[in-house]
Number of protein chains: 2
Amino acid sequence: MKLLDISEVVASSGLPASTLRYYESLRLITSAGRHGLRRQYEPEVIQRLALIDMGRAAGLSLGEIGALFGRKATPDIPREDLHQRALALDSEARGMMALATMMRHVADCPAASHMECPSFLKLLRVGSAHRARVRVRKRQAVRTPSRGRV
Amino acid sequence: MKLLDISEVVASSGLPASTLRYYESLRLITSAGRHGLRRQYEPEVIQRLALIDMGRAAGLSLGEIGALFGRKATPDIPREDLHQRALALDSEARGMMALATMMRHVADCPAASHMECPSFLKLLRVGSAHRARVRVRKRQAVRTPSRGRV
DNA sequence: CCTTGACCTCAAGTTGGCTTCAAGTCGTAG
DNA sequence: CTACGACTTGAAGCCAACTTGAGGTCAAGG
């Protein structure tokens with residue numbers, strides 16, 4: 001297969017060259033060679049970038065993504081981890097949808113100010129209580145560094 | 001009503017005092033006075049913090065949240081904006097759920113490596129194509145500074 | 001051969017949202 | 001009255017994920 005010039009990768013991935021170089025410095029991708037100075041990539045890099053992209057969308061940091069790849073080209077994520085991530089994503093998504101519902105309710109609510117609408121106030125309390133709990137858990141996780149993985 | 005000492009606000013909001021001071025410096029909240037040096041807050045601050053929290057959960061920056069409050073105590077967000085935000089949230093939530101579904105599929109997929117599962121590859125392409133489009137839109141938004149609000 | 005322009009490197013800068021630090025100030029318990 | 005400890009201040013630091021800038025190199029077109 002022919003190699004792709006960095007400009008082609010930029011075009012087809014939508015990522016700027018600086019980001020590609022940055023990812024390379026983090027060893028998330030590798031360039032297959034140079035043409036003069038210009039990086040040339042194997043076509044698989046596109047798939048790999050898509051994978052990285054997906055990891056980001058799933059809430060992973062670049063460091064975590066790098067760890068998933070390990071030394072191999074394909075990630076081979078433990079299936080249990082995938083289930084965990086899926087659960088976390090679902091719950092986050094549900095939270096967002098609840099919030100959306102709430103915002104719609106508020107938008108259509110006849111009370112003059114949102115702060116006078118009892119439903120709004122109730123949802124406000126519930127939502128923030130939930131997020132407060134999450135914050136507390138996070139802080140505990142930081143104080144107890146070993147058990148933090150997802 | 002009695003005022004709340006900052007320590008009480010810390011306890012009931014779950015936010016550290018440093019964050020409260022930070023929010024105050026951004027004029028997102030106000031302290032009602034001091035007891036010695038200690039900030040005292042009106043009880044309403046709890047609600048306000050919940051509101052801020054909600055805004056963050058909805059994807060607003062602290063700056064945007066401040067703008068929503070304007071000079072008034074209650075936000076009075078234009079209802080159309082709320083609908084827009086709700087739509088954006090829903091679509092993001094749907095994306096996350098799709099991702100979760102995909103991860104579950106992959107977890108249960110019999111292919112030896114994820115990269116050999118055709119469904120995975122297909123979803124990978126679709127998802128990343130979508131996010132690439134979003135990226136392009138964002139960059140255009142930056143280049144065209146005037147139309148960027150939500 | 002020479003110019004051009006897209007790439008290169010490395011270091012430093014940016015953004016958002018906080019946190020941390022050193023040094024200082026108070027109210028309160030003893 | 002004094003010590004304690006929880007608060008205060010302003011400035012600086014931190015983190016992730018990039019981006020930007022200055023100065024350099026190179027392949028290709030004219």
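Below, read A as the first sequence line, B as the second, and so on, with proteins coming before strands; counting in each chain starts at 1. When reading the values below, keep in mind they use all heavy atoms of this one structure, side chains included, and skip hydrogens, waters and symmetry mates.
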Are the charged groups of Glu64(B) and Arg85(B) less than 4.0 angstrom apart, N to O? yes
Between Arg56(B) and Ser61(B), is the side chain to side chain contact (heavy atoms under 4.5 Å, CB included) condition met? List the steps. CA-CA 6 Å; Arg56(B) 303 264 312 119; Ser61(B) 72; 5.6 Å; no
Table please: side-chain donor-acceptor pairs of residues 3-13 of chain A below 3.5 Å, with sequence neighbours left out.
unit_1   : atom_1 : unit_2   : atom_2 : d
Asp5(A)  : OD1    : Arg38(A) : NE     : 3.2
Asp5(A)  : OD2    : Ser7(A)  : N      : 2.9
Asp5(A)  : OD2    : Ser7(A)  : OG     : 2.8
Glu8(A)  : OE1    : Asp5(A)  : N      : 2.7
Ser12(A) : OG     : Glu8(A)  : O      : 3.2
Ser13(A) : OG     : Val9(A)  : O      : 2.8
Ser13(A) : OG     : Leu15(A) : N      : 3.0

For nucleotides 12-18 of chain D, which of its nitrogen or oxygen atoms have a protein nitrogen or oxygen under 3.5 Å away, and what is each distance?
unit_1  : atom_1 : unit_2   : atom_2 : d
dA17(D) : OP1    : Arg56(A) : NH1    : 3.1
dA17(D) : OP2    : Leu62(A) : N      : 3.4
dC18(D) : OP2    : Tyr23(A) : OH     : 2.9

CA sep, side-chain torsions, deciding dist, call: Tyr23(B), Val45(B), side chain to side chain contact (heavy atoms under 4.5 Å, CB included): CA-CA 11 Å; Tyr23(B) 283 0; Val45(B) 82; over 6 Å; no
If you measure from CG on Leu49(A) to CG on Leu20(A), what distance do you get to the nearest 0.5 Å? 6.0 Å
Is Arg48(A) positioned over the aromatic face of Phe69(A), cation under 6.0 angstrom from the ring centre and no more than 45 degrees off axis? yes
Euclidean distance, atom CD of residue Glu64(B) to atom C1' of dG17(C) [Å, nearest integer]: 14 Å
Quick one: Glu24(A) CD to dC7(C) C1', roughly how many Å, whole number? 13 Å
N/O donor-acceptor pair under 3.5 Å between Gln47(A) side chain and Glu44(A) backbone: no
Pairs under 3.5 angstrom only: tabulate donor-acceptor contacts from the side chains of residues 27-36 of chain B to other protein residues two or more places apart or in another chain.
unit_1   : atom_1 : unit_2   : atom_2 : d
Ser31(B) : OG     : Glu24(B) : OE1    : 3.4
Ser31(B) : OG     : Glu24(B) : OE2    : 2.9
Arg34(B) : NH1    : Leu37(B) : O      : 2.7

Give every donor-acceptor pair under 3.5 Å between a side-chain atom in residues 87-103 of chain B and any protein atom, sequence neighbours left out.
unit_1    : atom_1 : unit_2    : atom_2 : d
Asp90(B)  : OD2    : Arg104(A) : NH1    : 3.2
Asp90(B)  : OD2    : Arg104(A) : NH2    : 2.6
Thr101(B) : OG1    : Met97(B)  : O      : 2.9

How many angstroms lie between OH in Tyr41(A) and CD1 in Ile46(A), if you round to the nearest 0.5 Å? 10.0 Å
Nucleotide N/O of nucleotides 28-30 of chain C paired with protein N/O under 3.5 Å:
none

In degrees, rounded to 10°, what is the bend between the two ends of the helix from dC1(C)-dG30(D) to dG30(C)-dC1(D), using five pairs at each? 10°
Between atom OG1 of Thr19(A) and atom CD1 of Ile52(A), what is the distance when rounded to the nearest 0.5 Å? 11.0 Å
Report whether Leu26(B) and Leu60(B) are members of the same hydrophobic cluster (ILVMFWY, side-chain heavy atoms less than 4.5 Å apart, transitive linking). yes
How long is the span from the CG atom in Leu124(B) to the OG atom in Ser119(B), to the nearest 0.5 Å? 12.0 Å
List, with names and distances, any nitrogen or oxygen atoms from the protein found under 3.5 Å away from nitrogen or oxygen atoms belonging to nucleotides 4-8 of chain D.
unit_1 : atom_1 : unit_2   : atom_2 : d
dA6(D) : O3'    : Arg38(B) : NH2    : 3.0
dC7(D) : OP1    : Arg38(B) : NH2    : 3.0
dT8(D) : OP1    : Arg39(B) : N      : 2.8
dT8(D) : OP1    : Arg39(B) : NH1    : 3.1
dT8(D) : OP2    : Arg21(B) : NH1    : 2.3
dT8(D) : O3'    : Arg34(B) : NH1    : 3.3

